[in-house]
Amino acid sequence: MSWSSWFGGGSSGGSDKPASSDAYNDTSSFQYETVPSIGSSSSYGSSSGGTAEFQQQVQQQMLVAELQRRIGQLSGLCWEKCMTAYPKYSISSREENCVTNCAERYLDVSSLIAEGLAKKFEAS
Amino acid sequence: SPASMDSLSSSGVGGGGGSDSDKRQILEQLQQQTALNLIQSLVNTSTEKCFEKCVPSPGGELATSEQKCVSMCLDRYVETWNIVSKVYGSRIARESGGGGGGSSGISFQ
């Protein structure tokens, strides 16, 4: 499936792009990146092993789906926190740092919570 | 909530294991469903965020400035998504014991 066909190579119609924008470096085109441990979509075409491999592939796909869900959720959250200004032609470095920090700190909190809860379940 | 998997065709996989093509078909359908869910979520979230940002006082129609705002807002939201996705990718790479740097790995075509 080609992502670029859904989102195009740049901003959707109507906005004037600054002359200096480079189409190949267009960060507003949808770059769907995923985790290194999960194979590319074409890997499912190879000859299958047994049921175990199939189950593993299904599980992997479910993991990808869950990951996407979380990224979407966190994107919304960090948008609220960081992208408070009126939308401009490009994201500022302040905003970019804010979003990065937002996501990193959220994941830190997530780890702490997981550890904390694990301890509580152990204790009980 | 994740889209239901009801659209998956039922093939005889439950018993002694389906054919290779059955398995491939199921995996492809799973991938398609995942992709659809992603797009749906992006549409929903960016519509909501950009409506909030760009149309503070809904009138009888969308002003040109509001339309322009929505277009830019969408770009900014996708950029935000990309940044968050990269952070996730790096974090997972790091935590899976990979000694690698910040690259989030594979990009889908």
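- Nearest heavy atom pair, residue B:Arg91 against residue A:Asp108, reads NH1-OD1, 2.9 Å.
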Quiz prompt | Worked check of side chain to side chain contact (heavy atoms under 4.5 Å, CB included) between A:Phe54 and B:Ile26 | solution = CA-CA 10 Å; A:Phe54 174 66; B:Ile26 285 177; 3.9 Å; yes

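- Residues A:Lys88 and B:Arg76 are not in side-chain contact: their nearest non-hydrogen atoms beyond the backbone lie 4.5 Å or more apart.
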Quiz prompt | Residues A:Met62, B:Leu30; criterion side chain to side chain contact (heavy atoms under 4.5 Å, CB included); working and verdict | solution = CA-CA 8 Å; A:Met62 305 296 251; B:Leu30 264 180; 4.2 Å; yes

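- For A:Asn97, no part lies near chain B; criterion is any non-hydrogen pair under 4.5 Å.
- At a 4.5 Å heavy-atom cutoff, the contact between A:Glu96 and chain B is made by backbone and side-chain atoms alike.
- Considering all non-hydrogen atoms of both residues, B:Val87 and A:Ala103 come closest at CG1-CB, 3.7 Å.
- Under the 4.5 Å side-chain heavy-atom criterion for grouping Ile, Leu, Val, Met, Phe, Trp and Tyr, B:Phe51 is not connected to B:Leu74 through any hydrophobic cluster.
- Heavy-atom neighbours of chain A within the stretch residues 52-59 of chain B, taken at a separation under 4.5 angstrom, comprise B:Glu52, B:Lys53, B:Cys54.
- For the pair A:Gln73 and B:Val84, the minimum side-chain heavy-atom distance is 4.5 Å or more.
- Counting heavy atoms from C-beta on, the side chains of A:Met83 and B:Thr80 come closer than 4.5 Å.
- The minimum heavy-atom distance between B:Tyr77 and A:Gly72, with the atom names listed, is OH-O, 3.8 Å.
- B:Tyr88 places a side-chain heavy atom less than 4.5 Å from the side chain of A:Leu74.
- With rounding to the nearest 0.5 angstrom, the CG atom of A:Leu77 is 11.5 Å from the OG1 atom of B:Thr45.
- With rounding to the nearest 0.5 Å, the separation of NZ in B:Lys23 from OG1 in A:Thr51 is 5.0 Å.
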Quiz prompt | Full working for side chain to side chain contact (heavy atoms under 4.5 Å, CB included) between B:Leu42 and A:Gln68 | solution = CA-CA 10 Å; B:Leu42 284 168; A:Gln68 284 173 20; over 6 Å; no

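- Separating the CG atom in A:Leu107 from the CD1 atom in B:Ile92 is a distance of 8.0 Å, to the nearest 0.5 Å.
- A:Trp79 has its side chain out of reach of B:Ser46: every pair of non-hydrogen atoms, C-beta onward, lies at least 4.5 Å apart.
- By the 4.5 Å heavy-atom criterion applied to side chains, A:Ile91 and B:Ile83 are counted as neighbours.
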